[in-house]
Amino acid sequence: MIELNPIFQELNTICPNGVFQSVALKEFSYWKVGGLADYLIEPQSIEQLSEVIKYLKNQSQLPYMVIGDGSNLLFDDGGYRGVIIRIGNNMSQVKFQGTEVTCEAGVWVPGLAYSTYRKGLTGLEHTCGIPGRLGGLIYMNGGSNRQAISENLKSVILIDEEGNIQTIDASEFDFEYRTSPFQTLKYIIAGAILKLEVSNVSKVRSAMRKILTSRRKKFPRKQPNCGSVFISNPKMYDLIGPPGFAIEKVGLKGLRKGDAQISPLHANFIVNLGDASSTDILYLVSLARKKVYENTNFLMDCEARYVYQTGEICQAHVRAEEIFGCSK
Ligand SMILES: Cc1cc2nc3c(=O)[nH]c(=O)nc-3n(C[C@H](O)[C@H](O)[C@H](O)COP(=O)(O)OP(=O)(O)OC[C@H]3O[C@@H](n4cnc5c(N)ncnc54)[C@H](O)[C@@H]3O)c2cc1C
């Protein structure tokens with residue numbers, strides 16, 4: 001007779017039919033890279049998520065980490081010895097009240113942008129082509145056209161390490177370009193209240209169309225990738241140009257390591273041609289950072305995050321340097 005794992009059983013009592021064991025992380029990363037995670041859990045409400053955290057903290061002591069869609073994540077080939085909490089479709093309710101939109105963190109960002117335009121609201125146009133969930137976007141303070149989601153936030157619904165749910169005004173937090181306080185504070189983003197403005201539906205639609213058309217031309221769409229690998233440093237941008245241009249200038253566009261390749265279409269993207277490993281991708285990260293530093297004196301930092309087998313998360317260049325040495 002098969003003995004049922006007690007941790008699985010406990011988690012499954014809190015989150016019925018939302019718990020999985022020995023899950024292939026490559027299925028949860030846009031890079032399609034990563035070994036097995038011990039557990040993956042998909043909570044169905046903010047309250048259920050809070051109960052999961054209380055159990056993990058007080059009874060199991062298992063490490064955990066939160067993901068959205070994995071559109072910015074590089075998992076290790078060795079996987080993860082803990083619990084992945086995936087906040088996606090199961091936690092994606094949205095409520096409109098005038099110009100305020102209350103969302104659970106799992107809402108799909110392009111879908112949210114679309115539904116705000118249908119209501120004649122402006123503000124989220126810059127997010128309409130960004131894959132991923134609202135929680136991931138807030139964590140990354142992502143956006144496009146030099147805008148960021150923090151500009152649209154009224155408040156954030158958070159869960160602390162004890163499992164307590166709190167709503168905190170966004171003005172309490174300091175956001176910077178592609179940096180949020182949640183990259184250092186140990187909160188889970190469970191939802192947010194967005195503050196938008198009334199506009200004209202056709203004006204918002206044409207702004208979104210323009211953004212989507214320009215993105216379709218620029219970015220590789222067929223091979224697995226996690227978007228821009230390096231953050232565009234404004235100082236470097238003014239003096240040298242964006243990271244893609246700097247990488248191309250040092251002759252790395254199209255370079256391959258195993259099945260990882262610096263995209264021939266856009267050099268700030270690394271694509272997986274089939275069976276790339278996390279180490280292949282980190283090698284290209286390390287090489288691009290080193291060569292661009294030698295050529296420009298600017299050290300590019302990664303937007304993409306690497307997940308250690310222990311669940312800690314860092315900017316991918318940090319792990320690349322641990323393996324391949326310092327770029328300076
Ligand atoms: C083709 C392509 C184009 C892209 N274009 C852009 C762009 O224009 N602008 C841009 O900013 N980004 C872009 N990205 C990167 C990525 O889509 C964004 O960073 C996105 O917001 C990440 O969301 P996610 O749900 O996939 O997060 P994930 O990749 O799953 O996670 C990213 C980080 O957020 C943390 N996290 C996720 N959810 C939560 C939560 N609820 N609470 C606490 N922490 C959480 C994770 O632990 C991880 O550290 C692009 C990616 C791709 C593949």
Side-chain angles (χ1 to χ4, degrees), residues 25 28-32 34 40 42-43 46 49 53 63-75 80 82 84-92 103-113 125-150 156-161 175 177-192 211-212 214-216 218-232 242 244 263 265-266 268-272 302-308 311-316:
L25 285 172
F28 297 91
S29 156
Y30 272 47
W31 252 321
K32 297 283 169 226
L40 183 136
E42 298 188 318
I46 295 179
L49 174 57
I53 299 305
Y64 64 86
M65 69 162 292
V66 182
I67 66 167
D69 252 14
S71 64
N72 210 28
L73 281 178
L74 178 60
F75 292 112
Y80 171 49
I84 300 271
I85 301 173
R86 183 173 187 234
I87 301 184
N89 282 346
N90 286 350
M91 241 181 81
S92 61
C103 314
E104 288 184 329
V107 64
W108 165 245
V109 170
L112 176 65
E125 292 87 325
H126 69 106
T127 68
C128 69
I130 305 178
R133 307 287 163 172
L134 183 63
L137 189 69
I138 296 172
Y139 178 96
M140 298 302 303
N141 196 19
S144 72
N145 296 349
R146 301 264 128 199
Q147 287 181 270
I149 188 66
S150 52
V156 196
I157 304 162
L158 299 169
I159 295 184
D160 67 19
E161 285 183 287
F175 289 88
Y177 187 70
R178 303 293 174 257
T179 308
S180 83
F182 310 111
Q183 293 167 7
T184 41
L185 298 171
K186 298 245 168 197
Y187 281 120
I188 294 178
I189 301 155
I211 291 173
L212 290 175
S214 124
R215 291 174 70 91
R216 277 192 198 115
K218 275 195 290 191
F219 301 155
R221 302 197 312 139
K222 296 219 166 104
Q223 297 122 339
N225 71 78
C226 270
S228 298
V229 174
F230 293 99
I231 306 173
S232 184
S263 167
L265 188 66
H266 190 314
N268 196 20
F269 281 55
I270 295 177
V271 294
N272 180 356
C302 276
E303 189 165 322
R305 265 38 195 187
Y306 165 83
V307 183
Y308 289 86
E312 278 114 55
I313 303 169
C314 67
Q315 286 170 284

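Whatever order the structure lists ligands and atoms in, that order sets their numbers, starting from 1.
Atom 19 (O) of ligand 1 has its closest protein heavy atom at Met140 CG, 3.4 Å. The nearest protein atom to atom 41 (N) of ligand 1, hydrogens excluded, is given as Ile189 O, 2.9 Å; this is a heavy-atom distance. For atom 9 (N) of ligand 1, the nearest protein heavy atom (residue, atom name, distance) is Gly143 O, 2.7 Å. For atom 47 (O) of ligand 1, the closest non-hydrogen atom of the protein is Val66 O, 2.6 Å. For atom 28 (P) of ligand 1, the nearest non-hydrogen atom of the protein is Gly70 N, 3.5 Å. At the shortest separation from atom 27 (O) of ligand 1 among protein heavy atoms lies Gly136 CA, 3.6 Å. Tyr139 CD2, 3.5 Å is the protein heavy atom nearest to atom 33 (C) of ligand 1. Distance from atom 29 (O) of ligand 1 to its nearest protein heavy atom, with residue and atom name: Asn72 N, 2.9 Å.
Formation of a donor-acceptor pair under 3.5 Å by the Glu42 side chain with backbone atoms of Arg86 is not found in this model. Of the possible donor and acceptor atoms, none in the side chain of Asp69 sits under 3.5 Å from a partner among the backbone N and O of Gly88. Here the side chain of Arg133 pairs no donor or acceptor atom with the backbone of Gly70 at under 3.5 angstrom. With hydrogens and angles ignored, the 3.5 Å screen pairs a side-chain donor or acceptor of Ser29 with a backbone N or O of Leu73. When atom types are taken as modelled, the side chain of Thr127 and the backbone of Glu125 share no donor-acceptor pair closer than 3.5 angstrom. In this structure, Asn141 contributes its side chain and Ser180 its backbone to no donor-acceptor pair below 3.5 Å. The closest donor-acceptor contact from the side chain of Trp31 to the backbone of Ile270 lies under 3.5 Å. Between the side chain of Ser144 and the backbone N or O of His126 there is at least one donor-acceptor pair closer than 3.5 Å. Panel note: side chain Arg305, backbone Glu303; a donor-acceptor pair is recorded below 3.5 Å.
Ligand 1 has no N or O atom lying under 3.5 Å from any N or O atom of Ser228, backbone or side chain. Checked against a 3.5 angstrom limit, the closest N/O atoms of Pro131 and ligand 1 fall inside it. Backbone and side-chain nitrogen or oxygen atoms of Tyr187 are examined, and none is located within less than 3.5 angstrom of a nitrogen or oxygen of ligand 1.
Separating the CE atom in Met65 from the CD1 atom in Ile188 is a distance of 10.5 Å, to the nearest 0.5 Å. With values rounded to the nearest 0.5 angstrom, Leu112 atom CG is found 7.5 Å from Ile149 atom CD1.
Close contacts of ligand 1 with Gly142, meaning ligand atoms under 4.0 Å from a residue heavy atom, involve 11 (O). Under a 4.0 Å criterion applied to the non-hydrogen atoms of Gly135, ligand 1 contributes the atoms 38 (N), 39 (C), 41 (N). Atoms of ligand 1 lying under 4.0 Å from any heavy atom of Gly132, numbered from 1 in the order shown and given with element: 23 (O), 24 (P), 25 (O), 26 (O). Close contacts of ligand 1 with Asn225, meaning ligand atoms under 4.0 Å from a residue heavy atom, involve 1 (C), 53 (C). If you number the atoms of ligand 1 from 1 as listed, the ones under 4.0 Å from a heavy atom of Ile313 come out as 47 (O), 49 (O). For ligand 1 and Arg133, the ligand atoms under 4.0 Å from any heavy atom of the residue are 23 (O), 24 (P), 25 (O). Applying the 4.0 Å criterion to heavy atoms of Ile87 picks out, from ligand 1, the atoms 41 (N).
Residue contacts with ligand 1, taken as heavy atom pairs separated by less than 4.0 Å, involve Arg215 solely via side-chain atoms from C-beta onward. At a heavy-atom cutoff of 4.0 Å, ligand 1 is contacted by the side chain of Ile130 but not by its backbone. In Cys226, the part holding a heavy atom less than 4.0 Å from any atom of ligand 1 is the backbone. The residue Ile138 has no part lying near ligand 1, judged by heavy-atom distances below 4.0 Å. When heavy-atom distances to ligand 1 are checked against a 4.0 Å cut-off, Leu137 comes that close through both its backbone and its side chain. Under 4.0 angstrom from ligand 1, the non-hydrogen atoms of Glu303 all belong to its side chain.
The closest approach between Tyr30 and ligand 1 falls below 4.0 Å for a heavy atom of the residue.
Ring-plane geometry between Phe219 and His266 is classed as tilted, the angle between the planes lying from 30 to 60 degrees on a 0 to 90 degree scale.
For Tyr306, the ring pair (Phe, Tyr, Trp, His ring centres under 6.0 Å) criterion is met by Tyr308, not counting sequence neighbours.
Comparing Ser71, Gly68, Cys314 by heavy-atom distance to atom 23 (O) of ligand 1, the nearest is Ser71.
The two residues Asn90 and Pro43 come nearest to each other via the heavy atoms CB-O, 3.3 Å.
Residue Arg146 places its CZ atom among more than 12 non-hydrogen atoms of other residues, nucleotides or ligands, all under 6.0 Å distant.
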